[in-house]
Amino acid sequence: MRIRTAAPAVLAATALSVSLLAASPASAAAARHQGGLHLGYIQYDSPGRDTRSNSSLNAEWVNIHNSSRSAVQLKGYKLKDNTGYTYTFGSYKIGAGKTVKVRTGKGHNASGVRYWGRGNYVWNNTSDKARLIKPSGSLQDSCSWTRGDHGYKNCH
């Protein structure tokens with residue numbers, strides 16, 4: 001009889017533990033992204049055939065979002081992949097609550113968009129990891145994906 005009455009309590013405690021564990025990664029991600037720079041959406045596989053045309057290269061991009069309440073100077077920040085390809089920001093200020101898109105190909109930098117200037121793709125379609133590195137060399141944020149992400153990833 002004690003076993004029967006203990007079983008519901010054990011099940012309830014297990015359900016609570018599982019729900020807390022399931023909530024932890026989302027809570028940790030939300031806490032990490034509050035008040036700072038983070039990787040947002042990443043289009044790592046440009047739609048259509050990979051032709052290496054400039055328009056195809058520019059259809060591969062990474063968004064960096066500033067969720068703080070003040071502008072942030074990105075000069076010296078780096079965006080890197082697993083291979084070591086690196087984009088280094090020149091003088092660029094991202095406003096509070098704003099996003100900058102870094103496109104792989106060539107183009108004219110403007111407000112909200114920067115061009116890497118490459119003639120080849122950066123992001124691996126099967127699996128890779130984008131890293132946002134501070135000028136000090138420490139990691140600001142990272143986001144990885146696999147083939148199962150279908151060409152884009154929401155890193156929020």
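Values below: every heavy atom of this structure, side chains too, minus hydrogens, waters and symmetry copies.
By the 4.5 Å heavy-atom criterion applied to side chains, Arg118 and Thr104 are counted as neighbours. The shortest side-chain heavy-atom distance between Ile42 and Asn63 does not fall under the 4.5 Å cut-off. For the pair Tyr41/Cys155, no side-chain contact is recorded, criterion being any heavy-atom separation below 4.5 Å from C-beta on. Counting heavy atoms from C-beta outward, His38 and Ser67 have side chains that approach closer than 4.5 Å. Trp116 places a side-chain heavy atom less than 4.5 Å from the side chain of Leu79. By the 4.5 Å heavy-atom criterion applied to side chains, Tyr44 and Asn124 are not counted as neighbours.
Each of Ile94 and Ile133 belongs to its own hydrophobic cluster when Ile, Leu, Val, Met, Phe, Trp and Tyr are linked at side-chain heavy-atom distances under 4.5 angstrom. Hydrophobic clustering (side-chain heavy atoms under 4.5 Å, transitive across Ile, Leu, Val, Met, Phe, Trp, Tyr) keeps Leu57 apart from Val122. Hydrophobic clustering of Ile, Leu, Val, Met, Phe, Trp and Tyr side chains at less than 4.5 Å, counting indirect connections, unites Val102 with Val72.
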Carefully, step by step, assess Thr99 and Ile64 under the rule side-chain contact (heavy atoms from CB on, under 4.5 Å).
-> CA-CA 6 Å; Thr99 299; Ile64 299 170; 5.9 Å; no
Just do the side-chain contact (heavy atoms from CB on, under 4.5 Å) check on Asp128 and Trp145 with the steps written out, would you?
-> CA-CA 6 Å; Asp128 209 340; Trp145 57 86; 3.3 Å; yes
I would like to know whether Tyr77 and Lys134 meet side-chain contact (heavy atoms from CB on, under 4.5 Å); could you show each step before the answer?
-> CA-CA 5 Å; Tyr77 274 83; Lys134 295 178 185 180; 4.0 Å; yes
Would Asp50 and Asn125 count as a side-chain contact (heavy atoms from CB on, under 4.5 Å) if you check the C-alpha gap in whole Å, the side-chain angles of each, and the deciding distance to 0.1 Å?
-> CA-CA 11 Å; Asp50 289 346; Asn125 295 348; 3.4 Å; yes
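Within 6.0 Å of NZ on Lys101 lie more than 12 heavy atoms contributed by other residues, nucleotides or ligands.
Formation of a donor-acceptor pair under 3.5 Å by the Asp81 side chain with backbone atoms of Tyr85 is found in this model. A donor-acceptor pair under 3.5 Å links the side-chain atoms of Asn58 to the main chain of Gly105, judged by distance alone. Here the side chain of Asn66 pairs a donor or acceptor atom with the backbone of Gly95 at under 3.5 angstrom. In this structure, Thr86 contributes its side chain and Gly84 its backbone to a donor-acceptor pair below 3.5 Å. Judged by distance alone, the side chain of Gln73 and the main-chain N or O of Tyr92 form a donor-acceptor pair under 3.5 Å.
Under the 3.5 Å distance criterion, with hydrogens and angles disregarded, a donor-acceptor pair is assigned to the side chains of Arg52 and Asn120.
In this structure, CG on Leu39 lies 10.5 Å from NZ on Lys129, to the nearest 0.5 angstrom. The OG atom of Ser144 sits 8.5 Å away from the CZ atom of Arg131 when rounded to the nearest 0.5 Å. Rounding to the nearest 0.5 Å places NZ of Lys153 at 13.5 Å from CD of Gln43.
Residues Tyr121 and Thr51 share a closest heavy-atom pair of OH-N, 3.2 Å. Listed here is the closest heavy atom pair of Arg103 and Trp61: NH1-CD1, 3.7 Å. In plain terms, the two heavy atoms of Lys106 and Asn54 that are nearest each other are N-OD1, 2.8 Å. The shortest heavy-atom contact between Gln140 and Leu37 is NE2-O, 3.1 Å. Contact between His108 and Tyr115 at its shortest, heavy atoms only, is O-CE1, 3.2 Å. Heavy atoms only, all atoms of each residue included: Arg114 and Ser91 are closest at NH2-O, 4.3 Å.
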